[in-house]
Participant: 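What follows is a structure written as C-alpha cells; I'll ask about it next.
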Amino acid sequence: MEGHKIKTKSKFKVRHQKHKLFRANDPLLSVLMWGVNFTIHELENVNIPVMLLPEHFKAYVKIRIDNQNFNKEVMPSHFKVKEYCPLVFRAFREYWKVHDSSFRDSLTEPPIPLNDSAKSNITYYQSYDRRFVLRCISKEDVEQIHNILPEYHRYIVETQGDTLLPHYYAMYRLTVDDKENYILVMRNILSSKLKIHYKYDVKGSTVDRSASDKEKSSPCPTLKDNDFLETKRIIELGSDQKHIFMERLKRDVDFLVNQHKMGYSLLIGIHDLDQGGVERERKLSGIDLNTSDLSGNDSSDGSESPTQIGDDNSFDEPFRMRSAESSTRRELYNLGLIDILTNYGMKKKSAHVAKTKLSGSDADGISTVRPEIYARRFLDFIDKHFI
C-alpha cells in the first residue's frame, strides 16, 4: 500500500483548509463534516488490502487545523481530527455496500440531534437522510471497540454480514476547544423511510426496566421490558420467520458471550401499516398531523404505502421483518442489537453484588449479571414474546 497516509504513529501535520464550508449550528458538527470529507478524500487512492493485517487494527489518520480564517461563525480556529482504523472501517462499509461517496454525502450535511430522554446521558445524532446514527461515546468505549474489532471483523466475514449486531462504519476523535469528543457512526436500525409508531428497548430483565412518566410523554417514547409486558405486546413473525430470526440472534449472542459482553438490548421499531394508511389519508386531506417522533421519522415522508415498500429484507432495510400473514396486526418490525460494548469486568461484578443485595427477591431480574446468565435470560424473553 505504498503512498497511503495511514500511520500507526505520526506527528501532527498542519494543513490549511480548502475553501469548502460545512455549516452547522454546533461547531463540533461542522468539524465532524469537515473531518468526514477530509478522511474519505484521503482514502480515495488507497486500495483495500486483500487481507487486513494486525497493524490495520491499530492505524489512524490524524490532522490538526490551525488559524482557520473563514467561516468563523461556525468553525473554530483550531481543531483536530483523528479517524481510527480507517482501512478496517472502510472494509466494513464496502462489505455492506455503503460506498465512500454515499457515506460522505450523508455525513457532510448537518446531522439531526436525537433528544431521546431514555438515553439522556448519551448524545445521539442521525444523518440528515436517516441512514446513519452517530453516537458520542467515551474513551473507554473506544478502547472496547479496539479490543473487539479483530474478532468483530472475523465474525462479519464468517456470517457474510448476516447479523443483528450493530453495523459499525467509522470512528472519530474530534478535538474542539481543547475538549476531546469521540463519535461512532453506525447504521440506523430504525427505518429511514417509514414512520416508527412504537419503540421498545428490551433486555430480558425487569428491575428498573420501565420508562418514566417523562419518557412516556414523548411523541414516540422508547419503552422498556416492563412496558412491553404490561401492554401484552407480541411480535408476530410466524414460525418460519421466527426460526430464521432466532437462529441469527442466538449466533450473535454467542459471539457477545465469547467477548464477555452483557447489558445489550434488542431495539424493536414497529411501523403499523394500517395506522400509516390513516395518516396518509389525513395528510392528503390537508390535515397537519404534526407527528414527528424522536427517531426523526415524521409523517412528511414516513408513511409509504405497503405497495411501495417492496422486499422487506432488502439492503436498504436489513433489520426489517414483516408480521405473519396470519397475524391480526399488519406491522413491519425493525429489529437489531444495540449497546454491545459493556464488558463484564471487575466494575460490573461489583455492581452485580450491590444490586443483588438491594433487589432482594427480585435479584433474578437485575440486568448486571454474568454474560452467560444474561444471554440465557435475554434469549428466553425474546423466544417467549416472539411467535
Participant: Assess whether side chain to side chain contact (heavy atoms under 4.5 Å, CB included) is satisfied between Leu249 and Leu337, documenting all intermediate values.
Facilitator: CA-CA 9 Å; Leu249 184 64; Leu337 290 165; 4.0 Å; yes
Participant: In terms of the angle between their ring planes, are His167 and Trp96 parallel, tilted or perpendicular, with boundaries placed at 30° and 60°?
Facilitator: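 It falls in the parallel class, under 30°.
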Participant: Is there side-chain contact between Ile382 and Ile235, with heavy atoms separated by less than 4.5 Å?
Facilitator: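 In short, these two side chains do not touch, never coming nearer than 4.5 Å.
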Participant: Can you tell me how far the CD atom of Gln144 sits from the NZ atom of Lys139, to the nearest 0.5 Å?
Facilitator: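 With rounding to 0.5 Å, CD (Gln144) is 14.0 Å from NZ (Lys139).
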Participant: Using the side-chain contact (heavy atoms from CB on, under 4.5 Å) definition, which of the options Lys261, Met262, Gln259 pairs with Tyr344?
Facilitator: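 Exactly one candidate clears the test, Met262.
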Participant: Please lay out, stage by stage, how Tyr169 and Arg187 fare under the test side chain to side chain donor-acceptor pair (under 3.5 Å).
Facilitator: CA-CA 7 Å; Tyr169 291 140; Arg187 186 191 288 272; 3.0 Å; yes
Participant: Run the salt bridge (charged side-chain N to carboxylate O under 4.0 Å, His left out) test against Arg233 and tell me which residues pass, sequence neighbours left out.
Facilitator: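 Salt bridge (charged side-chain N to carboxylate O under 4.0 Å, His left out) list for Arg233, sorted by chain: Glu331.
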Participant: Within a reach of under 6.0 Å around NE2 of His243, are more than 12 heavy atoms found that belong to other residues, nucleotides or ligands?
Facilitator: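 Count not over threshold, so no.
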Participant: Please assess Asp141 against Ser138 for the test side chain to side chain donor-acceptor pair (under 3.5 Å), listing each intermediate value before the final yes or no.
Facilitator: CA-CA 5 Å; Asp141 289 332; Ser138 66; 3.2 Å; yes
Participant: Under a 4.0 Å threshold between the charged nitrogen and the carboxylate oxygen, would Arg104 count as salt-bridged to Glu44?
Facilitator: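 Judged by the 4.0 Å cut-off on N to carboxylate O distance, Glu44 and Arg104 do form a salt bridge.
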Participant: Can you tell me how far the NZ atom of Lys224 sits from the OG atom of Ser265, to the nearest 0.5 Å?
Facilitator: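 Reported value, rounded in 0.5 Å steps: 9.0 Å.
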Participant: Parallel, tilted or perpendicular: which fits the ring planes of Phe92 and Phe89, with parallel below 30° and perpendicular above 60°?
Facilitator: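 Ring orientation, 0 to 90° scale: perpendicular.
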Participant: Please confirm whether the backbone N or O of Asp66 pairs with a side-chain atom of His78, one donor and one acceptor, at under 3.5 Å?
Facilitator: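 Pair absent, no side-chain N/O of His78 close to backbone of Asp66.
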Participant: Pair Arg329, Asp272 - check salt bridge (Lys or Arg N to Asp or Glu O under 4.0 Å), show working.
Facilitator: CA-CA 8 Å; Arg329 293 170 167 164; Asp272 186 318; over 6 Å; no
Participant: Out of curiosity, does Tyr128 fall in the hydrophobic cluster containing Leu29 (side-chain heavy atoms, cut-off under 4.5 Å, transitive links)?
Facilitator: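 Different clusters: Leu29 never reaches Tyr128 through Ile, Leu, Val, Met, Phe, Trp or Tyr contacts under 4.5 Å.
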Participant: Using side-chain heavy atoms (C-beta onward) and a distance below 4.5 Å, is Ile65 in contact with Phe38?
Facilitator: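 A side-chain contact under 4.5 Å is absent here.
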Participant: Would you check if the side chain of Tyr172 reaches a backbone N or O of Val185 as a donor-acceptor pair within less than 3.5 Å?
Facilitator: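 Flag not set: sc Tyr172 to bb Val185 has no pair under 3.5 Å.
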Participant: If every non-hydrogen atom of Val157 is compared with every non-hydrogen atom of Tyr95, which pair is closest and at what distance?
Facilitator: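 What the structure gives for the nearest pair is O-OH, 3.7 Å.
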Participant: Please find the pair of heavy atoms, one from Val257 and one from Ala375, that lie closest to each other, and give the distance.
Facilitator: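 The answer is CG2-CB, 3.5 Å.
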Participant: Could you check Glu151 against Phe255 for side chain to side chain contact (heavy atoms under 4.5 Å, CB included), going step by step and ending with a plain yes or no?
Facilitator: CA-CA 9 Å; Glu151 287 302 308; Phe255 169 79; 4.2 Å; yes
Participant: Just do the side chain to side chain donor-acceptor pair (under 3.5 Å) check on Thr163 and Asp252 with the steps written out, would you?
Facilitator: CA-CA 7 Å; Thr163 175; Asp252 290 345; 2.9 Å; yes
Participant: Is it true that a side-chain atom of Asp100 and a backbone atom of Ile40 form a donor plus acceptor pair closer than 3.5 Å?
Facilitator: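 Checking the backbone N and O of Ile40 against the side chain of Asp100, no donor-acceptor pair under 3.5 Å is found.
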Participant: Start with the C-alpha distance between Arg209 and Asp201, add both sets of side-chain angles, then the distance that settles side chain to side chain contact (heavy atoms under 4.5 Å, CB included), and finish with yes or no.
Facilitator: CA-CA 9 Å; Arg209 291 296 298 163; Asp201 174 321; 3.0 Å; yes
Participant: What pair of heavy atoms forms the shortest contact from Tyr84 to His146, and how long is it?
Facilitator: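 Shortest heavy-atom contact: CD2-CE1, 3.4 Å.
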Participant: Going by heavy atoms in the side chains, are Leu149 and Cys85 under 4.5 Å from each other?
Facilitator: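 Yes. Closest side-chain heavy atoms under 4.5 Å.
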Participant: How long is the span from the OH atom in Tyr200 to the OG1 atom in Thr222, to the nearest 0.5 Å?
Facilitator: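 One finds 11.0 Å between OH of Tyr200 and OG1 of Thr222.
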Participant: Is there a side-chain contact between Arg131 and Gln126 (heavy atoms, below 4.5 Å)?
Facilitator: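 Not touching, per the 4.5 Å side-chain cut-off.
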Participant: Calculate, to the nearest 0.5 Å, the distance between atoms OG1 and NZ belonging to Thr39 and Lys62 respectively.
Facilitator: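 Going from OG1 on Thr39 over to NZ on Lys62, the span is 15.0 Å.
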Participant: When rounded to the nearest 0.5 angstrom, what is the spacing between NZ in Lys193 and CG in Asp129?
Facilitator: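 One finds 11.0 Å between NZ of Lys193 and CG of Asp129.
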Participant: Output yes when a side-chain donor or acceptor of Tyr152 lies under 3.5 Å from a complementary backbone atom of Tyr168, and no otherwise.
Facilitator: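 Yes: the side chain of Tyr152 pairs with the backbone of Tyr168.
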Participant: Could you tell me which non-hydrogen atom of Ala170 sits nearest to which non-hydrogen atom of Phe103, and how far apart they are?
Facilitator: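 So the two residues come closest at CB-CZ, 3.8 Å.
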Participant: Report yes if some heavy atom in the side chain of Glu140 is under 4.5 Å from a heavy atom in the side chain of Leu341; otherwise report no.
Facilitator: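 When only atoms from C-beta onward are counted, Leu341 and Glu140 do not touch, as no gap falls below 4.5 Å.
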Participant: Looking at His56 and Leu87, would you say the former's side chain and the latter's main chain have a donor-acceptor pair under 3.5 Å?
Facilitator: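 No; zero donor-acceptor contacts below 3.5 Å.
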Participant: With distance as the sole test, does Asp225 use its side chain to make a donor-acceptor pair with the main-chain N or O of Thr206 at under 3.5 Å?
Facilitator: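 No, because the side chain of Asp225 does not come within donor-acceptor range (under 3.5 Å) of the backbone of Thr206.
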Participant: Does Asn37 offer a backbone N or O that forms a donor-acceptor pair with the side chain of His41 under 3.5 Å?
Facilitator: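 Checking the backbone N and O of Asn37 against the side chain of His41, no donor-acceptor pair under 3.5 Å is found.
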Participant: Salt bridge between Asp339 and Arg135, side-chain N to carboxylate O under 4.0 Å?
Facilitator: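 Yes, charged N to carboxylate O under 4.0 Å.
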Participant: About how many Å separate CD of Glu215 and OG of Ser210, when rounded to the nearest 0.5 Å?
Facilitator: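 Reported to 0.5 Å precision, the distance equals 9.5 Å.
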Participant: Where the side chain of Lys242 meets the backbone of Asp383, is there a donor-acceptor pair that is under 3.5 Å apart?
Facilitator: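 Side chain of Lys242 to backbone of Asp383, a donor-acceptor pair under 3.5 Å: yes, one is there.
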Participant: Would you mind reporting whether Leu223 and Tyr198 have side-chain heavy atoms less than 4.5 Å apart?
Facilitator: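 Side chain of Tyr198 against side chain of Leu223, heavy atoms only: no contact under 4.5 Å found.
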Participant: Transitively linked via ILVMFWY side-chain contacts under 4.5 Å: Ile373 with Val202?
Facilitator: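 Both belong to a single hydrophobic cluster.
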Participant: Kindly give the heavy-atom pair with the smallest separation between Ile112 and Ser127, and that separation in Å.
Facilitator: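 Scanning both residues completely, I find the closest heavy atoms to be CD1-O, 4.1 Å.
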Participant: Heavy atoms, side chains only, cut-off 4.5 Å: are Phe381 and Leu229 in contact?
Facilitator: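 When only atoms from C-beta onward are counted, Leu229 and Phe381 do touch, with a gap below 4.5 Å.
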Participant: On the 0 to 90° scale, with breaks at 30° and 60°, tag the Phe245-Phe386 ring pair as parallel, tilted or perpendicular.
Facilitator: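 Geometry flag for Phe386 against Phe245: parallel rings.
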Participant: Answer yes or no: is there a side-chain heavy-atom contact under 4.5 Å between Asn188 and Phe132?
Facilitator: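 Not in contact.
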Participant: Is there a donor-acceptor contact under 3.5 Å from the side chain of Arg90 to the main chain of Leu43?
Facilitator: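 Here the side-chain-to-backbone pair exists.
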Participant: If the threshold is 4.0 Å, N to carboxylate O, is there a salt bridge linking Lys58 and Glu55?
Facilitator: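 Salt bridge between Lys58 and Glu55, a charged N being under 4.0 Å from a carboxylate O: no.
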Participant: Between Asn334 and Phe319 (side chain of the first, backbone of the second, donor and acceptor by atom type, cut-off under 3.5 Å), is there such a pair?
Facilitator: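 Judged by distance alone, no pair lies under 3.5 Å.
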Participant: Test side chain to side chain contact (heavy atoms under 4.5 Å, CB included) on Leu32 and Tyr125; report intermediate values, then the result.
Facilitator: CA-CA 12 Å; Leu32 171 67; Tyr125 301 90; over 6 Å; no
